[in-house]
Amino acid sequence: MLAWNLPNTLIKAVKGTRDLLPPSTEAWNRVEAVARSVFRVYNYHEIRTPILEETQLFARGVGADTDIVTKEMYTFEDRDGSSLTLRPENTASVIRSYIEHRMDQLPGVKKLYYMGPMFRRERPQKGRYRQFYQIGAEAIGSESPLVDAEVIEMVVELLSLAGLKGFKLLINSVGDKHCRPRYVETLRERLKSVAPGMCGDCQRRAESNPLRVLDCKVAADQPVIEALPSILDYLCAECGEHFAAVRRRLDDAGIEYEVTPRMVRGLDYYMRTTFEVVHGALGSQNSVLGGGRYDGLAESLGSKVPAPGIGFSIGEDRLVMSVESEQAASALDLLIAPLGEAAQKCGAAMARDFRRAGISVELAEGKLKRAMELANKVGARFALIVGDDELAAGRYALKNLTTGEQESLTAGEIAARLAPPRN
RNA sequence: GUGGGCGUAGCUCAGCUUGGUAGAGCGCCGGAUUGUGGUUCCGGUGGUCGAGGGUUCGAAUCCCUCCGCCCACCCCA
């Protein structure tokens, strides 16, 4: 009954969380470095919001009857009785921060990016974890379709530079608070006659959430879904023109996309432009990123000043999964093998100097044979032998472990030989 | 929340049908080599067989319960 009184049970990572280990962490770092460099040239700046927020932020921001809020949040009562939640996504937090710090007073479009863990209590599977990581960006303070197009262009650039190949960009417009309700009503009406012939899930959705029917993957339902009215035919004049402008801009930029009127996003705050990038070989969870415009979000969080914006978030776990190739950790530059007490001291000093010069160094102990074996196993590029002869001569035996060649060099020559390329 | 698959050494797995108290390969450690790795050879380390209970003279193996992981549904990143 009391866990701490039970016999020793091995403690493991909690369900849905995982340790990211080397060499995989190198791929994560590469992806994050690419993202930061792309964000920089598009003039985005990093924002770090708390992982813990008031539960109300998500209930009101994401939508009170979305799946995320109704059944996926890690919510708990703080000691003072207030309700706190581990963030399930970050857009609501960014908008909260934007409002709280009156960023609307700053000049121009406010461009922010973030990266970090999010938490949703779902059943784990391939590409889905309870603690997962997102890289995202928000452009806030403009309703212009030019901003939509630039955000999409940036994210396509980011994915390409990260090494993602064969992905597909899907875009849609879900209208605004004037035209979308009209469409949903039409859809609901139409489904009354056709839903009975569809799969069980669709029959249920036809009542509860008609838009979800469009997202059904059951093959037999596809012809029926194709025949349903398209939201694009129901957009009001403003939304229609906005969407057309976004598409013109994407065409100008030479960006390939597919308009998918059936694409549905799961968060309530989206309006007008929505987009998604999918990639095969990710299992059933094939979406690498999702995003869209959220012009009414600030108001639903109680803001008097509007904060129209558009943003996206990349599923970093999924991106890394699809660009990661099995490669070794970055190679060690040099392993120093000192023989004896005096050499040990000299080796430590040399290691210090080399490391300050940007060379990665491992200092071995014990027998030379042992050290050489170790050098080989960890994939060191060079081994440096420091023994009595070398100490006396001031010249050390540097062995290239790839070619097997060995030469006798001074410390300065070795540093020059191993110096990393400047960038 | 609902299905399906799988849990034996650090890793990948065999053994289970037809019960007789645990194996291989790789890894790790050491040796053949006093100051030279990768190949080879030799030796060694390593498992309450996911946990608990039952059947049995005897259970990794048969039965029950539980737990964990993976994949899928739902939904999303």
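Each chain gets a letter, A, B and so on, in the order the sequences are listed, and its residues count up from 1.
Using a 4.0 Å heavy-atom criterion, one finds that A:Gly404 contacts the bases of the nucleic acid, with or without backbone contacts as well. Within 4.0 Å (heavy atoms only), A:Gln406 reaches at least one base atom of the nucleic acid. Using a 4.0 Å heavy-atom criterion, one finds that A:Thr402 contacts the bases of the nucleic acid, with or without backbone contacts as well.
The interatomic distance linking A:Asp388 (CG) with B:U34 (P) rounds to 17 Å, in whole Å. A straight line from CG of A:Leu332 to C1' of B:G37 spans 14 Å, rounded to a whole angstrom. If you measure from atom CG of A:Leu368 to atom C1' of B:G37, you get 9 Å, rounded to the nearest angstrom. In this structure, A:Leu401 places its CG atom 13 Å from P of B:U39, rounding to the nearest Å. Remark: C1' of B:G37 and NZ of A:Lys377 are 10 Å apart, rounded to the nearest angstrom. Taking atom CG of residue A:Leu374 and atom C1' of nucleotide B:G38, one finds them 13 Å apart after rounding to whole Å.
With RNA chain B read from its 5' end, the first of the two nearest nucleotides for A:Arg121 and A:Arg370 is the one closest to A:Arg121.
With both ends at atom C1', the span from B:G20 to B:G58 equals 7 Å, rounded to whole Å. Annotation: B:U21 and B:U8 have their C1' atoms spaced 15 Å apart (nearest Å). B:C64 and B:G5: their P atoms are spaced 14 Å apart (whole Å). One P atom belongs to B:A9, the other to B:G23, and the distance between them is 14 Å to the nearest Å. Straight-line distance between the P atoms of B:U61 and B:G53: roughly 14 Å, to the nearest whole Å. For B:U33 and B:U39, the C1' atoms lie 14 Å apart once the distance is rounded to whole Å. Taking the C1' atom of each, B:A32 and B:C70 are spaced 45 Å apart, rounded to whole Å. One C1' atom belongs to B:A14, the other to B:U55, and the distance between them is 27 Å to the nearest Å.
Within the model, atoms CG of A:Leu158 and CG of A:Leu289 stand 9.0 Å from one another, a figure rounded to the nearest 0.5 Å. From A:Tyr396, atom OH reaches atom CE of A:Met350 across 5.0 Å, with rounding to the nearest 0.5 Å.
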> In the 5'-to-3' direction, what one-character label does each nucleotide of nucleotides 68-77 of chain B receive under the scheme B = base within less than 4.0 Å of a protein heavy atom, S = sugar-phosphate only, - = no such atom?
Replying inline: SS-SBBBBBB
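Between the side chain of A:Glu373 and the base of B:U36, no donor-acceptor pair under 3.5 Å is found. Under 3.5 Å, the side chain of A:Glu390 and the base of B:G35 form at least one donor-acceptor pair of N or O atoms. Contact annotation: side chain of A:Lys399 to base of B:G37, donor-acceptor pair present below 3.5 Å. Donor-acceptor pairing under 3.5 Å, judged by distance alone, is absent between the side chain of A:Asn376 and the base of B:G38.
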>> The test is salt bridge (Lys or Arg N to Asp or Glu O under 4.0 Å); show your working for A:Glu407 and A:Arg417 and say whether it passes.
In response: CA-CA 11 Å; A:Glu407 44 190 334; A:Arg417 185 72 50 100; 2.4 Å; yes
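Using Watson-Crick or G-U wobble geometry with both donor-acceptor distances under 3.5 Å, B:A77 finds no partner in any strand shown. B:G58 is unpaired under the criterion used here, namely a Watson-Crick or G-U wobble arrangement in which both key atom distances are under 3.5 Å. Pair assignment for B:C13: B:G23, on the basis of Watson-Crick or G-U wobble contacts that are both within less than 3.5 Å. In this entry B:U48 has no Watson-Crick or G-U wobble partner, no candidate having both defining distances under 3.5 Å. Pair assignment for B:U33: none, as no Watson-Crick or G-U wobble contacts are both less than 3.5 Å. Here B:C70 sits opposite B:G4 as a Watson-Crick or G-U wobble pair (both hydrogen-bonding atom distances under 3.5 Å).
With A:Leu332 as reference, A:Val378 is the one residue of A:Leu401, A:Val361, A:Val378 to meet the side-chain contact (heavy atoms from CB on, under 4.5 Å) rule.
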List the atom pairs, with distances to 0.1 Å, where a side-chain N or O of residues 267-275 of chain A and a protein N or O form a donor-acceptor pair under 3.5 Å, not counting sequence neighbours.
residue, atom, partner, partner atom, Å
A:Tyr269, OH, A:Glu89, OE1, 2.5
A:Tyr269, OH, A:Thr91, OG1, 3.4
A:Thr273, OG1, A:Asp148, OD2, 2.7

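Between the side chains of A:Asp233 and A:Tyr183, no donor N or O sits under 3.5 Å from an acceptor N or O. For the residue pair A:Tyr113/A:Glu138, the side-chain donor-acceptor check at 3.5 Å is not satisfied.
Counting non-hydrogen atoms of other residues, nucleotides and ligands closer than 6.0 Å to CZ of A:Arg48 gives a total of 12 or fewer. By the neighbour-count criterion of 12 heavy atoms within 6.0 Å, atom CD of A:Glu226 is densely surrounded, having more than that number from other residues, nucleotides or ligands.
Look at A:Lys367 and you won't find any side-chain N or O under 4.0 angstrom from OP1 or OP2 of B:C29.
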